[in-house]
There are 2 protein chains.
Amino acid sequence: MAVDTALSERKLIILKAIIQNYLETGEPVGSRTLTKYTNLNLSSATIRNEMADLEDLGYIFQPHTSAGRIPSDKGYRLYVDMLMDEKEQEITERENGLLEKTDKVEKVLRQAAKVLAANTNYATMVSSPVNNRNTLKFIQLSQVDAEQIVAVIVLGGNVIKNKIIEVGETLSNENLLKLNMLLNTTLNGMSIDQITLGLIARLKEQAGIHSEVVGHVLDAVAEIIHIEDDMEIYTSGATNIFKYPELSDKQSAQEIISAFEEKQQLADLVTETLASENSHGIQVYIGDETPVKTMKDCSVVTATYELGEGMKGTIGIIGPKRMDYEHVMRTLKTLQNELDAIYNKDPKE
Amino acid sequence: MAVDTALSERKLIILKAIIQNYLETGEPVGSRTLTKYTNLNLSSATIRNEMADLEDLGYIFQPHTSAGRIPSDKGYRLYVDMLMDEKEQEITERENGLLEKTDKVEKVLRQAAKVLAANTNYATMVSSPVNNRNTLKFIQLSQVDAEQIVAVIVLGGNVIKNKIIEVGETLSNENLLKLNMLLNTTLNGMSIDQITLGLIARLKEQAGIHSEVVGHVLDAVAEIIHIEDDMEIYTSGATNIFKYPELSDKQSAQEIISAFEEKQQLADLVTETLASENSHGIQVYIGDETPVKTMKDCSVVTATYELGEGMKGTIGIIGPKRMDYEHVMRTLKTLQNELDAIYNKDPKE
DNA sequence: TGTTAGCACTCAAAAGAAAAGAGTGCTAAT
DNA sequence: ATTAGCACTCTTTTCTTTTGAGTGCTAACA
């Protein structure tokens, strides 16, 4: 609890008490309450003086004259950065089974969002991992019927893409075999952004068979490979915001819940998070700090997880500013670890 | 406007006026208002007498003594069944392009939900089509690497399922070829529910190669085929309910929006709709009639669409009971037609 | 007999008034 | 530097009053 701040030890104690009390009750906290809540034996009058100072410094404010004080964004920020007790020890202990392992990534992520919401009583989101530096592991074209070919592409992390390609004329069996061979020998192990249009053009020449069909099919393959992994976002507990009066007036509720339904804004949030420096740590956005304007009256806490082979995704919690940051960060860390572990060759299994 | 009801012509006119006025204003409607709103030249006193009768018969009621009348569920029902003017003519006219055609069914459906919400100001849902009587069109196993096989299954309507199968030992190339041959010759053209476990067991014997791997792989294949087509449900405009005071108190709003987030209840609704007799017509559930209890204070209007080859899905609108049924039903019909047309070989293109 | 004017009555919603309570800032004493 | 004391400020709650829409019923009317 280093103090290179301008704040005296005593002010810090009082500020911490104010914030903790406010987190618990949601009510502005007054000087009398603090005399009981802290163990410095001071009268309410003294506390009042300190509070006046803290207000001048911008850490707390009064919703109206003659009400207690509420933490400002700056106050919360200080709290999260320096004042909060982090109970690190517990993290490792409870690292067991919130999630069931299943082979469908989608299911796991859905469940993750749910678990998170159930554990915290806030709104939660989990993004599917994206990675353009992913590598191609296997590719195969098969003839479904006279006019259709199905292309199946397996990427690292066992992400499977596929698509039906409509072809005018039938492709001979030998040609198909040749194509498959060619594609696999050339492309396997390459990362997706290495597979450029130029490369495909060269492939077309090498293909030897100069039929139009082959060209068409190769174009289609290129297209499939580059189709944006449209990031999925799973959400849960959006209606938890109704539990917090400061967010549940019609206006706010509508905005926030819309954001959860439309998901575009959440996607922006994810992008932002992944881009940020401190990736793989935990990020806390308080009020206006949030990259998404809709959530300017909320706090957003996010973490990045990694499903092997550099596929990163984000898990996040959105709630009121008076959020139980400790608990949220702990839960998020736990889940982050589980996700990190679940698809990586985990020593335990 | 046949009258085999016990209601006199005049009572019907008054009831209709009450309902239409209430749909417009959302306020209980009183006798004086009706003297102006209708063109039967009657005094408010006479109207009051008629209203008293209508109330006795259960078509309208007062939210409290000394308020105007509001339609009951029974009243709405009568309105929808007999009183409403249906402007059929317009339907055909505007049957153009609310939706952009794209090859991703998912995108179209997402968009459909959005368009519907934008056009009606209610909450909307669109289910992806499901069909267990779908037939298997093509199946292929391919070796991805030493320990993984990818199984690709193409169903009618070009629905593609796939999964990675983990195998302990490598399957020889010839065996794989044999298996593929066997699977395709036996299963192609069969409907999914014809492919029973017994059939797979027999296949195992025929497989000839009695290695464990083959058995394992076949089991996996059976599993994939039978994995429930998890019906996707796309929603839009859930927050529109905030526009209707009767649904936007915290309690109701939370319940309804949760239903939209969790989607399980919507899925039940879809199942119900598809099962019902009058499929491919339009169904109107008023209040308690709704199969989903959460929506007992709403009206739900649904329609079934068909994406070729018997793949049926549902589109639906959820709003307050005082919903603009005419407009909703018209919009729903339009969209239903568009969806029906968009993937069926449409003569126009 | 069906219709209507008239009137007393009911009840919700809006507006106002009063009381209670929490908390503050400041001053003066310790 | 701390604190007791007090006047003051605002919100919140409660109670009362007023307003207004709408009803049901009765008695008169065509």
Side-chain angles (χ1 to χ4, degrees), chain A residues 6-15 17-22 24-72 75 245-246 248-249, chain B residues 6-15 17-22 24-72 75 245-246 248-249:
Chain A
L7 293 175
S8 70
E9 189 76 20
R10 196 168 73 179
K11 281 196 174 57
L12 286 176
I13 292 174
I14 292 175
L15 179 56
I18 292 175
I19 297 182
Q20 288 188 333
N21 190 283
Y22 185 65
E24 284 170 23
T25 66
E27 299 291 319
V29 1
S31 52
R32 274 214 54 213
T33 316
L34 288 173
T35 58
K36 294 174 215 149
Y37 200 82
T38 62
N39 47 12
L40 355 117
N41 275 346
L42 292 174
S43 75
S44 62
T46 313
I47 305 259
R48 272 205 290 288
N49 287 329
E50 294 286 47
M51 287 169 89
D53 290 351
L54 284 169
E55 177 152 10
D56 286 343
L57 294 168
Y59 292 106
I60 53 180
F61 69 97
Q62 297 180 274
H64 54 265
T65 6
S66 92
R69 304 305 209 289
I70 285 183
S72 66
E246 62 266 51
S248 55
D249 62 300
Chain B
L7 292 175
S8 71
E9 189 76 18
R10 196 168 75 180
K11 281 196 173 59
L12 286 176
I13 292 174
I14 291 175
L15 179 56
I18 292 174
I19 296 181
Q20 288 188 333
N21 191 282
Y22 184 66
E24 283 170 23
T25 66
E27 299 291 320
V29 2
S31 52
R32 272 214 56 210
T33 316
L34 286 173
T35 58
K36 294 173 214 149
Y37 200 83
T38 62
N39 48 9
L40 354 118
N41 275 345
L42 292 176
S43 75
S44 61
T46 313
I47 304 260
R48 273 205 290 288
N49 287 330
E50 295 287 47
M51 287 169 91
D53 289 350
L54 284 169
E55 177 153 11
D56 286 343
L57 292 168
Y59 293 105
I60 53 180
F61 68 99
Q62 297 179 277
H64 54 264
T65 5
S66 92
R69 304 305 210 289
I70 285 183
S72 66
E246 63 266 51
S248 55
D249 61 300

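Naming: A, B, ... by sequence-line order, numbering from 1 per chain. Note that this is a predicted model, so its numbers are computed, not measured.
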*With sequence neighbours excluded, tell me which residues meet side-chain hydrogen bond (donor to acceptor under 3.5 Å, both in side chains) with A:Asp249.*
A:Ser252
Please list, pair by pair, any protein nitrogen or oxygen found under 3.5 Å from a nitrogen or oxygen in nucleotides 16-18 of chain C.
none

_Smallest separation among heavy atoms of A:Thr35 and A:Leu42, with atom names_ = CG2-O, 3.5 Å
_Any pair counted as salt bridge (Lys or Arg N to Asp or Glu O under 4.0 Å), so long as it reaches residues 40-54 of chain A, sequence neighbours left out_ = A:Arg10-A:Glu50, A:Lys11-A:Glu50, A:Lys11-A:Asp53
*Can you sort out the partners of B:Ser43 under side-chain contact (heavy atoms from CB on, under 4.5 Å), two or more places apart, ordered by chain and number?*
B:Ala45, B:Thr46
*What pairs of residues pass the salt bridge (Lys or Arg N to Asp or Glu O under 4.0 Å) test when at least one of them lies in residues 60-72 of chain A, not counting sequence neighbours?*
A:Glu55-A:Arg69
*asked:* Restricting to side-chain contact (heavy atoms from CB on, under 4.5 Å), what partner residues turn up for B:Ser66, sequence neighbours left out?
replied: B:His64
*Separation of B:Ile70 atom CD1 from C:dA12 atom C1', in whole Å?*
13 Å
*asked:* Between C1' on C:dA13 and CD on B:Glu27, what's the gap in Å once rounded to a whole number?
replied: 12 Å
*Kindly give the heavy-atom pair with the smallest separation between B:Phe61 and B:Pro71, and that separation in Å.*
CE2-O, 3.6 Å
_Distance-minimising heavy-atom pair for A:Ser72 and A:Gly58_ = OG-O, 2.6 Å
*In whole Å, what is the span from the CE atom of B:Met51 to the P atom of C:dT3?*
16 Å
*Separation of C:dA22 C1' from A:Asn21 CG (nearest whole Å)*: 14 Å
*Contact letters for nucleotides 8-14 of chain D, in which S counts primed atoms plus P, OP1 and OP2 and B counts the base, heavy atoms under 4.0 Å*: -BBS---
_Please determine whether a side-chain nitrogen or oxygen atom of A:Arg10 lies at a distance below 4.0 Å from atom OP1 or OP2 of D:dA1._
no
*State the CG-OH distance between B:Leu34 and B:Tyr37, to the nearest 0.5 angstrom.*
9.0 Å
*Assign a letter to each nucleotide of nucleotides 24-30 of chain D from its 5' end: B, base within under 4.0 Å of a protein heavy atom; S, sugar-phosphate only; -, no contact.*
B------
*Starting at CD1 of A:Ile60 and ending at C1' of C:dT24, how long is that distance when rounded to a whole Å?*
12 Å
*Can you list every salt bridge (Lys or Arg N to Asp or Glu O under 4.0 Å) pair that touches residues 25-45 of chain B, not counting sequence neighbours?*
none
*Atom CZ of B:Phe61 to atom C1' of D:dG22: distance rounded to whole Å?*
16 Å
*Between CD on residue B:Gln20 and CD1 on residue B:Ile18, distance to nearest 0.5 Å*: 11.0 Å
*Give the minimum heavy-atom separation between B:Ile70 and B:Pro63, together with the two atoms involved.*
CD1-CG, 3.8 Å
*Could you pull out all residues at least two apart from B:Leu57 that satisfy side-chain contact (heavy atoms from CB on, under 4.5 Å)?*
B:Leu7, B:Tyr59
_In this structure, how many angstroms lie between the C1' atom of D:dA1 and the CD atom of A:Glu9, rounded?_
18 Å
*Report yes if at least one side-chain N or O of B:Ser31 is closer than 4.0 Å to OP1 or OP2 of D:dG22; otherwise report no.*
no
*Not counting sequence neighbours, which residues clear side-chain hydrogen bond (donor to acceptor under 3.5 Å, both in side chains) with A:Thr33? List them please.*
none
*asked:* From CG of B:Leu34 over to P of D:dG22, roughly how many Å is that when rounded to an integer?
replied: 10 Å
*Have a look at the helix from C:dT1-D:dA30 to C:dT30-D:dA1 and give the angle its two end axes make, five pairs each, rounded to 10 degrees.*
20°
